[in-house]
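Any value given below was found using the heavy atoms of this structure, including those in side chains, with hydrogens, waters and symmetry copies removed. Order of the sequence lines sets the chain letters (A, B, ...), proteins ahead of strands, with each chain counted from 1.
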There are 2 protein chains.
Amino acid sequence: MTTRRDAVHDTLRRSEGFRSAQDVYAEMRSDGAKIGLTTVYRALQALADGGKVDVLRTDDGESVYRACASGDHHHHLVCRRCGRTVEVAGPDVERWAESVGAEHGFTEVTHTVEVFGTCAACSAAARAS
Amino acid sequence: MTTRRDAVHDTLRRSEGFRSAQDVYAEMRSDGAKIGLTTVYRALQALADGGKVDVLRTDDGESVYRACASGDHHHHLVCRRCGRTVEVAGPDVERWAESVGAEHGFTEVTHTVEVFGTCAACSAAARAS
DNA sequence: GGGATTTTGACAACCATTTTCATTCTGGTT
DNA sequence: AACCAGAATGAAAATGGTTGTCAAAATCCC
């Protein structure tokens, strides 16, 4: 039954940026939800497999998840300070990856592209300090 | 004392693709080298910090390293079967990332781009089987 | 040589993630 | 309402890559 899974999905939807499984778990617990860590992991994995959420790895190896607006292929522009995320499309990049692969005889070409930066609000805050 | 570090660097240079710390350690040991796992990790980290080797994360969260030919900024086309890696440049991608960031008010924009595929040799082998 | 400093590595600690497995739901059936 | 098979749940234990600890060994400096 998908009650738990939906709860996880909802929690994710309420977040601005990418959240780790442990984050989601902690937040749900502090909201009074009765759920186990294992279930959160399982739900997140199922959602990711079904393409309902996007996954990426932080520099320290943690998996972080995000409920994205579009189910289409897209990439992310992530603020490295506050985690705020903008979904971006890059048709040029798709084409580039495909042609680079073909050029070297590679087939079944896929790619990962993520862009990081400091968002306007955060760089303003940094200047102020 | 860069003896150990150099040994690690050399081992890496002998490899075609990306290797994990544990891989490097195992290979050095089987070559008769007297080195500890801790030291391999430290050497790899130092080399990565110094820009001497490139790092990326596999899907299962392992860090993998590679001694790259150029110290310049570049990306990788990696065979998902045999790990063979081709270094590729993508001026268009650099520009795209930069402009996408600027468009949304982000500063200090960086990006990660990796392309995966099945190389000619591996797809031939797959067809043969 | 002798002491200060750095490097090394065996081992223990960490910590996110998985696995295990017994218990609790769920829905369907009689 | 009782029953049951199969899926879902979660507490606790296992896993495994990576990092910390700390004493021994190598190296440097005077």
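At a threshold of 4.0 angstrom between heavy atoms, the contacts of A/S63 are confined to the sugar-phosphate backbone, with no base atom among them.
Between A/M28 atom CE and D/dT9 atom P there is a gap of 10 Å when expressed in whole angstrom units. Atom OH in B/Y25 sits about 15 Å away from atom P in C/dT8, given to the nearest Å. C/dC25 atom P lies 19 Å from atom CZ of A/R5, rounded to whole Å. The nearest whole Å value for the distance from the CD atom in A/Q22 to the P atom in C/dT18 is 11 Å. For the pair A/K34 NZ and C/dT23 C1', the interatomic distance rounds to 11 Å; values are reported in whole Å. Protein atom CD1 of A/I35 is 14 Å distant from nucleotide atom C1' of D/dA11, rounded to whole Å. If you measure from atom CG of B/D60 to atom P of C/dA16, you get 17 Å, rounded to the nearest angstrom. Between A/D6 atom CG and C/dC25 atom C1' the separation is 16 Å, expressed in whole Å.
Here the side chains of B/V55 and B/F18 are not in contact, with every heavy-atom distance at 4.5 Å or above. In this structure, the side chains of A/R5 and A/R42 stay at 4.5 Å or more apart for every pair of heavy atoms. Residues B/I35 and B/V40 form a side-chain contact, since some pair of their non-hydrogen atoms from C-beta on lies under 4.5 Å apart.
In summary, the side chains of B/E114 and B/H75 do not present any donor paired with an acceptor at a separation below 3.5 Å, with no hydrogens or angles considered. Residues A/R81 and A/S123 bring no donor and acceptor atom of their side chains to less than 3.5 Å of each other. In this structure, a donor-acceptor pair under 3.5 Å is present between the side chains of A/Y41 and A/Q22. For the 3.5 Å distance criterion, the side chains of A/T58 and A/D60 qualify, holding a donor opposite an acceptor.
We find that B/E87 and B/R66 are joined by a salt bridge, their nearest charged nitrogen and carboxylate oxygen being less than 4.0 Å apart.
Two rings, from A/H76 and A/F116, have their centers 6.0 Å or more apart.
Within a heavy-atom distance below 4.0 Å of DNA chain D, the residues of residues 36-53 of chain B found are B/T38, B/Y41, B/Q45. Annotation: proximity of residues 11-19 of chain A to DNA chain D (heavy atom, distance under 4.0 Å) is found for no residue.
Heavy-atom distances to DNA chain C give each of A/A21 and B/R29 a nearest nucleotide, and the one nearer the 5′ end belongs to B/R29.
For the pair B/R4 and C/dG9, the criterion of a side-chain N or O lying under 4.0 Å from OP1 or OP2 is met.
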